[in-house]
Amino acid sequence: MSSTDQNPLLTIEQEYGQSIWMDNLSRDLLTSGELAQLIDTRGVLGITSNPAIFEKAIAGNAIYDQQIEEGIKAGKSLNDIYESLIFTDIRQACDILRPVYDKTNGIDGYVSIEVPPTIAADTASTISEARRYYGEIGRPNVMIKIPGTPEGLPAVEQMISEGISVNVTLLFSVASYVESAWAYIRGLETRAAKDEDISNISSVASFFLSRIDTNIDSKLDQLLKHLPDPTKTEKISALKGKIAIANAKIAYQEYKKIIATDRWKQLAAKGARVQRLLWASTGTKDPSYSDVMYVDGLVGNDTVNTLPPSTIEACADHCDPASRIEAGIDEAYRLIASLKDPDVNIDLDSVMGELLIDGIDKFVKPFESLMKSLDGKVKALMPV
């Protein structure tokens, strides 16, 4: 597929100004030429990774054995072997995407790598690890992922001030997105105050979607079990599968307000790039929903959508591109407000707090599992 008529993904990028990134990374993807093919045929303009993705890629995959054996012979620690594996993959992915980075003048072509999730609550460690990761990977198109937590945001600001591009991850609430945007702006302001270049720094704010609907839908289902009134049942059922996209649309309205401020305009005049909202967790969890609902529903200018491979293929097959990020804004606010209705009574702030804790846990557990399986593999490959 090469024309926008054939491929909705290219239509999204070329006609509506949204970049498609892929939420997946493995050595097989790199060495087989599959990533290069996805760039050519599916318009993939970047890659995001996380500990769960690396666990899936490395555990039980013999393609990494030779490098593990080399690490053993060199007397490397378990953590050093782990980092050698993931840094090799990140560098190679960066090299494959470098033409995209160059062609877009550094807007796209990034590969995101997350600092260890076990230090999410430690600002100082996050800063030192983000700095070290960036230095050791040694590619201009690497983007360091830092959680948008109260402890993570000072690290985001510090990294931006040092000229390191950042993917602020695990954003669920609109308020946390706004805080991440101002952390980015403060970092740029610190850099600009020292007359340092701010035109070559990028950031995305990774705003999560499907996990919100999964959480809210389960709460709505519990309510529906105990409602005899059919009019109330209909009202509550109408909220299912709607909250994540409504929440994202409201976040985009906040983005527009931020880039209209004088503080932003002063930075833009010095060449600063906007921090784009990136739609994350875009694989549909409920099979009764469209498998491309988090793509079609949030197409919009100056945004990124990062898709798992199955969603990329589904979208290439049957996405219906149109600029929808600003459609139905009043309805989006109404949907969010309706959660406070006495018949519903779902505290969205509490849900977002749950999701953040759960989101960190969803990265810590696979990270620890990977280290355990890697330790087993190291022992198995040790020379007798």
For this session: Under the side chain to side chain contact (heavy atoms under 4.5 Å, CB included) rule, what do Met371 and Leu78 come out as? Steps first, then yes or no, please.
Result: CA-CA 8 Å; Met371 295 304 281; Leu78 183 66; 4.0 Å; yes

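- Ring pair Tyr133/Phe87: centre-to-centre distance below 6.0 Å.
- Put simply, the side chain of Glu15 does not reach to within 4.5 Å of the side chain of Pro321, judged on heavy atoms.
- Residue Leu339 holds its CG atom at 10.5 Å from CD1 of Ile236, rounded to the nearest 0.5 Å.
- Proximity of Arg276 to Asp108: side-chain heavy atoms (C-beta onward) are separated by under 4.5 Å at one or more points.
- Residues Ser338 and Leu239 meet the side-chain proximity criterion, which asks for heavy atoms closer than 4.5 Å.
- Looking at Lys232 and Leu223, their side chains never come closer than 4.5 Å, going by heavy atoms from C-beta outward.
- With a 4.5 Å cut-off on side-chain heavy atoms, Trp264 and Val274 count as touching.
- Using modelled atom types and a 3.5 Å distance limit, the side chains of Tyr289 and Asp213 yield no donor-acceptor pair.
- Taking the six-membered ring for Trp and the full ring otherwise, Tyr82 and Phe367 have centroids separated by under 6.0 Å.
- For NZ of Lys379, the number of neighbouring non-hydrogen atoms (other residues, nucleotides, ligands) closer than 6.0 Å is 12 at most.
- For the pair Phe208/Thr169, a side-chain contact is recorded, criterion being any heavy-atom separation below 4.5 Å from C-beta on.
- Using a 3.5 Å distance cut-off with no hydrogens or angles, the side chains of Ser210 and Lys285 do pair a donor with an acceptor.
- Under the 3.5 Å distance criterion, the side-chain polar atoms of Asn7 are matched with a main-chain donor or acceptor of Thr41.
- Put simply, the side chain of Ser173 never gets that close to the backbone of Asp349: no donor and acceptor are under 3.5 Å apart.
- Note on Asp89 versus Arg27: salt bridge recorded, some NZ/NE/NH1/NH2 to OD/OE distance being below 4.0 Å.
- One N or O on the side chain of Gln67 and one on the backbone of Ser84 form a donor-acceptor pair closer than 3.5 Å.
- Remark: Asp330 does not engage Arg334 in a salt bridge, criterion side-chain N to carboxylate O under 4.0 Å.
- The SG atom of Cys94 sits 9.0 Å away from atom CD1 of Ile47, with the distance rounded to the nearest 0.5 Å.
- Atom OG1 of residue Thr282 and atom CG of residue Leu298 lie 10.0 Å apart, to the nearest 0.5 angstrom.
- Contact check on Lys235 versus Asp341 returns a salt bridge, with a Lys/Arg side-chain nitrogen under 4.0 Å from an Asp/Glu carboxylate oxygen.
- Taken from CE in Met22 to CD1 in Ile53, the straight-line distance is 9.0 Å, to the nearest 0.5 Å.
- A side-chain N or O of Ser199 and one of Asp197 form a donor-acceptor pair less than 3.5 Å apart.
- The residue from Asp302, Thr303, Asn301, Thr11 that alone fulfils the side-chain hydrogen bond (donor to acceptor under 3.5 Å, both in side chains) condition with Gln18 is Thr303.
- Between Trp21 and Tyr110, the ring-plane angle classifies as tilted under the 30° and 60° cut-offs.
- Smallest separation of non-hydrogen atoms from Ala332 and Ile250: O-CD1, 3.9 Å.
- Contact annotation: the side chain of Lys249 approaches that of Ile329 to within less than 4.5 Å [non-hydrogen atoms, C-beta and beyond].
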For this session: I would like to know whether Glu70 and Lys76 meet salt bridge (charged side-chain N to carboxylate O under 4.0 Å, His left out); could you show each step before the answer?
Result: CA-CA 9 Å; Glu70 288 168 0; Lys76 288 183 177 180; over 6 Å; no

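- Taken from CD1 in Ile96 to CG in Leu29, the straight-line distance is 7.5 Å, to the nearest 0.5 Å.
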Problem set entry | Evaluation steps, salt bridge (charged side-chain N to carboxylate O under 4.0 Å, His left out), between Lys225 and Asp221 | CA-CA 6 Å; Lys225 283 182 183 176; Asp221 284 337; over 6 Å; no

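- A 4.5 Å side-chain heavy-atom check between Met352 and Asn247 finds at least one atom pair inside the cut-off.
- With rounding to the nearest 0.5 angstrom, the CD1 atom of Ile127 is 8.0 Å from the CD1 atom of Ile146.
- Ser369 places no side-chain N or O within donor-acceptor distance of the main-chain N or O of Pro366, the cut-off being under 3.5 Å.
- Formation of a donor-acceptor pair under 3.5 Å by the Asp217 side chain with backbone atoms of Gly241 is found in this model.
- Counted by atom type alone, Ser288 and Asp286 present one or more donor-acceptor pairs between their side chains at under 3.5 Å.
- Of the listed residues (Thr48, Asn305, Thr311), just one forms a side-chain hydrogen bond (donor to acceptor under 3.5 Å, both in side chains) with Asp23, and that residue is Thr48.
- We find that Arg91 and Asp95 are not joined by a salt bridge, their nearest charged nitrogen and carboxylate oxygen being 4.0 Å or further apart.
- One N or O on the side chain of Asn61 and one on the backbone of Ala57 form a donor-acceptor pair closer than 3.5 Å.
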